[in-house]
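What follows is a short report on a single structure.
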Amino acid sequence: MKGRSKIFADLLSHLTNLSNELKLPIYAKSFLDSKDIRIYQNAGFKIMEITKSHYLLKREN
């Protein structure tokens with residue numbers, strides 16, 4: 001992973017650890033054309049809904 005993707009993956013890792021500790025889900029929104037969707041999915045996020053312009057995502061612990 002390079003630069004921005006690595007930083008984003010590290011941030012998601014920190015958020016998922018915090019979510020696990022607090023036993024709370026995480027909700028996110030990503031543009032349909034964003035390459036970040038793979039990073040979200042690798043972090044355990046599932047697509048809940050697809051709108052005209054976004055993926056609506058959720059990660060449960």
Side-chain angles (χ1 to χ4, degrees):
M1 241 184 256
K2 294 184 191 178
R4 184 195 160 291
S5 295
K6 173 75 169 120
I7 292 169
F8 186 60
D10 288 346
L11 173 64
L12 277 182
S13 175
H14 178 71
L15 289 174
T16 56
N17 289 338
L18 186 58
S19 170
N20 290 339
E21 287 177 27
L22 298 174
K23 298 186 181 4
L24 295 172
I26 303 171
Y27 295 90
K29 187 188 220 183
S30 179
F31 283 108
L32 292 177
D33 63 349
S34 174
K35 296 176 184 173
D36 292 340
I37 191 66
R38 290 186 185 177
I39 298 171
Y40 279 113
Q41 290 174 323
N42 288 341
F45 283 79
K46 304 291 182 209
I47 297 172
M48 295 179 7
E49 187 177 335
I50 300 174
T51 68
K52 290 181 180 182
S53 60
H54 287 85
Y55 292 109
L56 303 177
L57 306 142
K58 181 178 182 181
R59 183 188 182 279
E60 304 224 24
N61 6 352

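Put simply, I39 and L32 are part of the same group of oily side chains (I, L, V, M, F, W, Y) that touch within less than 4.5 Å, one to the next. A chain of hydrophobic side-chain contacts below 4.5 Å, direct or via other Ile, Leu, Val, Met, Phe, Trp or Tyr residues, connects I37 to L15. Clustering ILVMFWY residues whenever any of their side-chain heavy atoms sit less than 4.5 angstrom apart, transitively, puts L18 in a cluster other than the one holding L11.
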Please set out all donor-acceptor pairs under 3.5 angstrom arising from side-chain atoms of residues 53-61, sequence neighbours excluded.
residue: K58; atom: NZ; partner: Y27; partner atom: OH; Å: 3.3
residue: K58; atom: NZ; partner: E60; partner atom: OE2; Å: 3.0
residue: R59; atom: NE; partner: A43; partner atom: O; Å: 2.8
residue: R59; atom: NH1; partner: N20; partner atom: OD1; Å: 3.3
residue: N61; atom: ND2; partner: S19; partner atom: O; Å: 2.9

Walk me through whether Q41 and I47 qualify under side-chain contact (heavy atoms from CB on, under 4.5 Å). CA-CA 8 Å; Q41 290 174 323; I47 297 172; 3.9 Å; yes
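Under the rule for a ring pair (Phe, Tyr, Trp, His ring centres under 6.0 Å), the partners of F45 that lie at least two apart in sequence or sit in another chain are Y40.
A distance of 7.0 Å separates CG in L12 from OG1 in T16, rounded to the nearest 0.5 Å.
Grouped by direct or indirect side-chain proximity (heavy atoms under 4.5 Å, Ile/Leu/Val/Met/Phe/Trp/Tyr only), I7 sits alone.
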